[in-house]
Amino acid sequence: MKNKKRIALAAITLLGVMALQTAAFAEETTEHAAKESAKEAAKDAEELKVLTEVTLNEVAHSIFYAPQYVAIENGYFEEEGIDLTLVTGFGADKVMTALLSGEADIGFMGSEASIYTYSGGAADAPVNFAQLTQRAGNFLVAREEMPEFAWKDLVGEEVLGGRKGGMPEMVFEYILRRNGIDPSEVKIDQSIDFGSTAAAFSSGKGTYTVEFEPSATILEQEGAGYVVASLGTDSGYVPYTAYCAKTGYLEAHPEVIQAFTNALQKGMDYVNTHTPEEIAEVIRPQFKETDPETITAIVTRYYEQDTWKKDLIFEQDSFELLQDILQEAGELEERMPYEKLVNTKFAEQAAK
């Protein structure tokens, strides 16, 4: 009789334990299912998230701006909630026109354009909020190889310099002055837009031409010219290109500007922590007409001359240097206030 009671008690105990285990398992399964459901819901919400449309008008489509294309190709703008439309304006004047007319939300060009616009009394003046490049991105191309080239060799020669008042032309003149040459001693042709100078040079115009990439390398590959000097190396650190938006847009959409700047900073971080070969591979889709070896060669050229900043902060010293260049070129009579034309808070936040 006692044995039967013991067996019954053991059975009850076993059933209790099994019931507890079953309940625990059921609870664990439910909890796991809930977590998976939450993950799926979050994923669905992410996919359904509406991106903010932003139109960016760039002055030119050049490997010179590699960090921007890294940000595009690596999806950094989407990560920051931006659906970016990229338009090439082919000239700072055209980019500024698109920005002022509202066709573009953000303009990317030489920051001299914003100074000209502000000095002209624009009501909703564009403000620079991020600086991308810290050196000139163009090169002096000659018709023959000149391993012993010196800037004094340009005296009396015809040079295709680009549009009057544009950064390529003004930095070129700045270098001449730094080497003791008055620009008037050189026959500088300013009648040809910088996007057309390579074609003009190939057709026989000029003894030298100032070219961006890939035009400089293409001229070499075609045997039509030879790079004899880097304006980026010989001019030193210059705030060559920056992003700007109208004052009203910055005030109305600070979260968009911050997200845009965050994405750019990720692109800057990438180019500063990866090899030219890796950078070239990422931006290849942006330059489908250029072979991979050429892209790598151009990226390497820019990489080795320290073209890209570590951050996007447009410092006041750089702004004042830019105004020095403008005044020396006779393009600016009165200096403009840094605090009115530059806003660093977005770049500073992105750099943290």
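Because the structure is predicted, anything quoted here is derived from the model rather than measured.
Remark: side-chain polar atoms of Thr55 are not paired, donor with acceptor, to backbone N or O of Ala104 under 3.5 angstrom. In this structure a side-chain-to-backbone donor-acceptor pair under 3.5 Å is missing from Ser318 to Phe314. A donor-acceptor pair under 3.5 Å is formed between the side chain of Asp124 and the backbone N or O of Thr247.
With respect to Glu220 and Arg301, a salt bridge is recorded, a charged nitrogen being found less than 4.0 Å from a carboxylate O. A salt bridge is defined here as a Lys NZ or Arg NE, NH1 or NH2 lying under 4.0 Å from an Asp or Glu carboxylate O, and Lys345 with Glu348 fails to meet this definition. The pair Lys187-Glu157 fails the salt-bridge criterion, with no side-chain N (NZ, NE, NH1 or NH2) lying under 4.0 Å from an Asp/Glu carboxylate O. Between Lys266 and Glu79 there is a salt bridge, since a side-chain N of the basic residue sits under 4.0 Å from a carboxylate O of the acidic one.
With 3.5 Å as the limit, one finds a donor-acceptor pair spanning the side chains of Thr241 and Thr133. At a cut-off of 3.5 Å, with distance as the only test, no side-chain donor of Gln131 or Tyr243 sits close to an acceptor on the other residue. Side chains of Glu158 and Thr207: a donor-acceptor N/O pair is absent below 3.5 angstrom, by distance only. Looking only at atom types and distance, the side chain of Gln349 has no donor-acceptor partner in the side chain of Gln258 under 3.5 Å away.
The local environment of CD in Glu255 is crowded, with over 12 non-hydrogen atoms from other residues, nucleotides or ligands closer than 6.0 Å.
In this view, Val70 and Asn74, Tyr76, Tyr270, Val271, Ile279, Val282, Ile283 satisfy the side-chain contact (heavy atoms from CB on, under 4.5 Å) rule, not counting sequence neighbours.
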For residues 134-144, which side-chain N or O atoms pair as donor and acceptor with protein atoms under 3.5 Å away, sequence neighbours left out?
residue	atom	partner	partner atom	Å
Gln134	NE2	Asp306	O	3.0
Gln134	NE2	Asp306	OD1	3.4
Gln134	NE2	Asp306	OD2	3.3
Arg135	NE	Gln305	O	2.6
Arg135	NH1	Gly232	O	2.9
Asn138	ND2	Tyr240	OH	3.2
Arg143	NE	Gly206	O	2.8
Arg143	NH1	Phe201	O	3.2
Arg143	NH2	Phe201	O	2.6
Arg143	NH2	Lys205	O	3.2
Arg143	NH2	Gly206	O	3.0

Q) Is there a ring-ring contact (aromatic ring centres under 6.0 Å, His included) between Tyr69 and Phe287 once you walk through the steps? A) CA-CA 10 Å; Tyr69 306 127; Phe287 302 94; 5.3 Å; yes
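Here Thr296 contributes atom OG1 and Glu281 contributes atom CD; the two are 8.0 Å apart, rounded to the nearest 0.5 Å. Remark: Leu56 CG to Phe108 CZ distance equals 8.0 Å, nearest 0.5 Å. Annotation: the span from Ser101 atom OG to Lys246 atom NZ amounts to 7.5 Å, rounded to 0.5 Å.
The minimum heavy-atom distance between Val59 and Ala92, with the atom names listed, is CG2-N, 3.4 Å.
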